[in-house]
Trainee: 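Provided herewith is a single structure, encoded as structure tokens, for subsequent inquiry.
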Amino acid sequence: MQHDDWGVRADRWAGIRSEVLDVRGTAVHVLRHDAAPGAPADAPTQLLVHGLGGSSTNWLEVIAPLAEHGPVLAPDLPGFGRTEPPHRTAARTGNNARFLRALLRTVGLERVVLHGNSMGGLLAVLLADLEPDRIERLILVDPALPGPVRAASRIAPRTLARFAPFAVPPLGRAGLRYAWRNGTGESLWQETIDFVHGDPSRISPEIAALGVENLDWGRRQPWRLDGFVAAATSVVAAVTVGQRSLGQAVSRVEAPTLLLWGDADRLVGRPVIDHLRRRRPDWDAHVFETVGHVPQLEVPDAYLEVVTGWLANGDDAPDVGSLGQVADG
């Protein structure tokens with residue numbers, strides 16, 4: 001799943017190319033798109049960070065339009081996509097945040113607009129804490145960040161069943177191994193989109209075909225199991241026992257920030273978003289109605305409308321949308 005020009009898969013992906021970068025000895029697969037001809041000459045790079053179980057292809061539907069605002073770079077994090085991790089724990093959140101810092105320095109990116117979805121939102125906050133001077137703007141998309149402690153009892157049973165085993169890594173590993181051995185790419189993909197998206201019928205046929213390919217290929221790579229388990233275990237720990245330090249990182253974010261959320265998200269619930277809004281009332285926010293956990297794939301046109309409008313309006317932008325009344329709980 002690497003192409004010199006992804007236009008061979010879909011016309012709207014023309015100009016997107018696969019590259020392999022050496023980041024401190026790790027061969028990292030990335031998707032890149034040069035800045036569009038009309039983009040400002042000094043425009044910052046749009047850096048796109050995928051979520052747990054995802055890859056750079058989670059951003060395919062928005063990469064070319066974002067190039068109107070500058071160069072675009074979307075990496076496969078170590079342990080995901082086509083980036084084999086250098087060791088079994090490389091996909092932990094702390095390690096992947098440091099990987100992203102190394103990527104910035106390897107590519108020579110002094111200024112970026114940082115988009116992070118799900119686990120990628122958690123990593124984006126950590127990277128903004130590590131490299132505040134390089135993060136010009138921050139876009140958090142259904143971020144995997146802590147909510148209020150008392151909201152834990154309101155987590156959907158289906159979500160608990162999916163992620164609670166990773167609190168005990170051997171259990172999480174055993175469950176995932178069983179699913180990968182007994183499923184097919186098609187069955188695993190269908191289960192994933194039914195859980196992740198508000199309306200799976202919105203996902204394009206091209207993305208669905210890539211999803212099946214990725215799952216079929218990935219479950220044959222031993223390191224993909226290691227990567228998922230290491231990342232899932234550390235995400236669960238970060239939003240539970242480590243939520244104080246992660247909350248402090250949220251408080252230290254200096255960059256103008258846009259918080260995006262789909263109100264049909266089964267993974268990141270409304271209590272998390274309300275909690276973030278109370279902690280950071282200065283952040284702009286927008287809700288996508290009936291949309292799930294990955295808006296840039298489910299409703300890419302709506303995602304682009306909100307994001308590009310926010311980028312174009314600059315620091316004087318008003319709140320781009322409403323999340324309604326912030327709850328007290």
Side-chain angles (χ1 to χ4, degrees), residues 49-55 57-61 77 79-81 91 116-122 140-145 147 151-167 171-219 224-225 227-229 231-236 239-240 260-273 287-300 302-303:
V49 186
H50 66 77
L52 181 65
S55 71
T57 59
N58 284 26
W59 300 95
L60 273 169
E61 302 285 36
L77 295 167
F80 298 96
N117 176 218
S118 186
M119 178 186 73
L122 187 160
L140 301 176
V141 189
D142 295 67
L145 293 170
S153 62
R154 287 181 271 164
I155 297 175
R158 191 177 174 191
T159 302
L160 275 176
R162 198 176 185 97
F163 289 99
F166 290 100
L171 291 179
R173 178 183 296 276
L176 188 59
R177 182 186 291 114
Y178 178 86
W180 283 11
R181 285 180 175 175
N182 292 277
T184 65
E186 289 83 359
S187 67
L188 293 168
W189 171 253
Q190 192 62 50
E191 180 186 353
T192 298
I193 65 170
D194 286 346
F195 181 72
V196 168
H197 300 294
D199 182 355
S201 69
R202 294 173 176 146
I203 304 303
S204 71
E206 296 90 350
I207 288 294
L210 285 174
V212 172
E213 288 176 33
N214 185 47
L215 283 163
D216 266 334
W217 183 85
R219 65 197 185 100
R224 284 281 289 269
L225 181 65
F228 191 99
V229 172
T233 300
S234 63
V235 169
V236 169
V239 299
T240 54
L260 302 176
W261 180 62
D263 69 358
D265 191 341
R266 297 179 180 89
L267 288 163
V268 175
R270 178 66 185 250
V272 173
I273 302 303
V287 62
F288 298 104
E289 296 182 359
T290 75
V291 173
H293 190 58
V294 192
Q296 75 273 14
L297 280 183
E298 189 175 344
V299 287
Y303 181 88

Trainee: Just verifying a value: how many Å separate Ser118 OG and Leu140 CG, rounded to the nearest 0.5 Å?
Mentor: 11.5 Å

Trainee: Of all residues at least two apart in sequence or in a different chain, which pass the side-chain hydrogen bond (donor to acceptor under 3.5 Å, both in side chains) check with Glu186?
Mentor: none

Trainee: For residues Val268 and Ile273, determine if any side-chain heavy atom of one lies less than 4.5 Å from a side-chain heavy atom of the other.
Mentor: yes

Trainee: Minimum heavy-atom separation for Val294 to His197, with atom names?
Mentor: CB-CE1, 3.9 Å

Trainee: Which heavy atom in Ala231 sits nearest to a heavy atom in Ser234, and how many Å separate them?
Mentor: O-OG, 2.9 Å

Trainee: If I take atom CG from residue Leu260 and atom CG from residue Asp265, how far apart are they, to the nearest 0.5 angstrom?
Mentor: 12.0 Å

Trainee: Roughly how far apart are Glu298 CD and Ser204 OG, rounded to 0.5 Å?
Mentor: 12.0 Å

Trainee: Just jot down the ring pair (Phe, Tyr, Trp, His ring centres under 6.0 Å) partners of His50, sequence neighbours excluded, or say none.
Mentor: Phe80

Trainee: What distance separates Thr192 OG1 from Asn214 CG, expressed to the nearest 0.5 Å?
Mentor: 10.0 Å

Trainee: Closest approach of Ala91 and Gly227, non-hydrogen atoms and distance?
Mentor: CB-O, 3.4 Å

Trainee: Could you go through the side-chain contact (heavy atoms from CB on, under 4.5 Å) check for Val272 and Val239 one step at a time?
Mentor: CA-CA 10 Å; Val272 173; Val239 299; over 6 Å; no

Trainee: Go through the steps for Leu77 and Val49 under the test side-chain contact (heavy atoms from CB on, under 4.5 Å), then give the verdict.
Mentor: CA-CA 8 Å; Leu77 295 167; Val49 186; 4.1 Å; yes

Trainee: How would you list, by chain and number, every residue that makes a side-chain hydrogen bond (donor to acceptor under 3.5 Å, both in side chains) with Asp142, sequence neighbours excluded?
Mentor: none

Trainee: Can you measure from CD (Glu289) to CH2 (Trp261) and round to the nearest 0.5 angstrom?
Mentor: 10.0 Å

Trainee: What residues, two or more places apart in sequence or in another chain, satisfy side-chain hydrogen bond (donor to acceptor under 3.5 Å, both in side chains) together with Asn117?
Mentor: Gln296

Trainee: Residues two or more places apart in sequence or in another chain: which of them pass side-chain contact (heavy atoms from CB on, under 4.5 Å) with Thr290?
Mentor: Arg202

Trainee: Roughly how far apart are Thr184 OG1 and Asp216 CG, rounded to 0.5 Å?
Mentor: 7.0 Å

Trainee: Give me the atom names and distance for the closest heavy-atom approach of Met119 to Leu52.
Mentor: CB-N, 3.6 Å

Trainee: Taking all atoms of both residues into account, what is the closest heavy-atom pair of Val212 and Gly185, and its distance?
Mentor: CG1-C, 3.9 Å

Trainee: What's the shortest heavy-atom distance between Gly121 and Pro143, and which atoms?
Mentor: CA-CB, 4.0 Å

Trainee: Sequence neighbours excluded, which residues qualify as side-chain contact (heavy atoms from CB on, under 4.5 Å) partners of Leu215?
Mentor: Leu188, Trp189

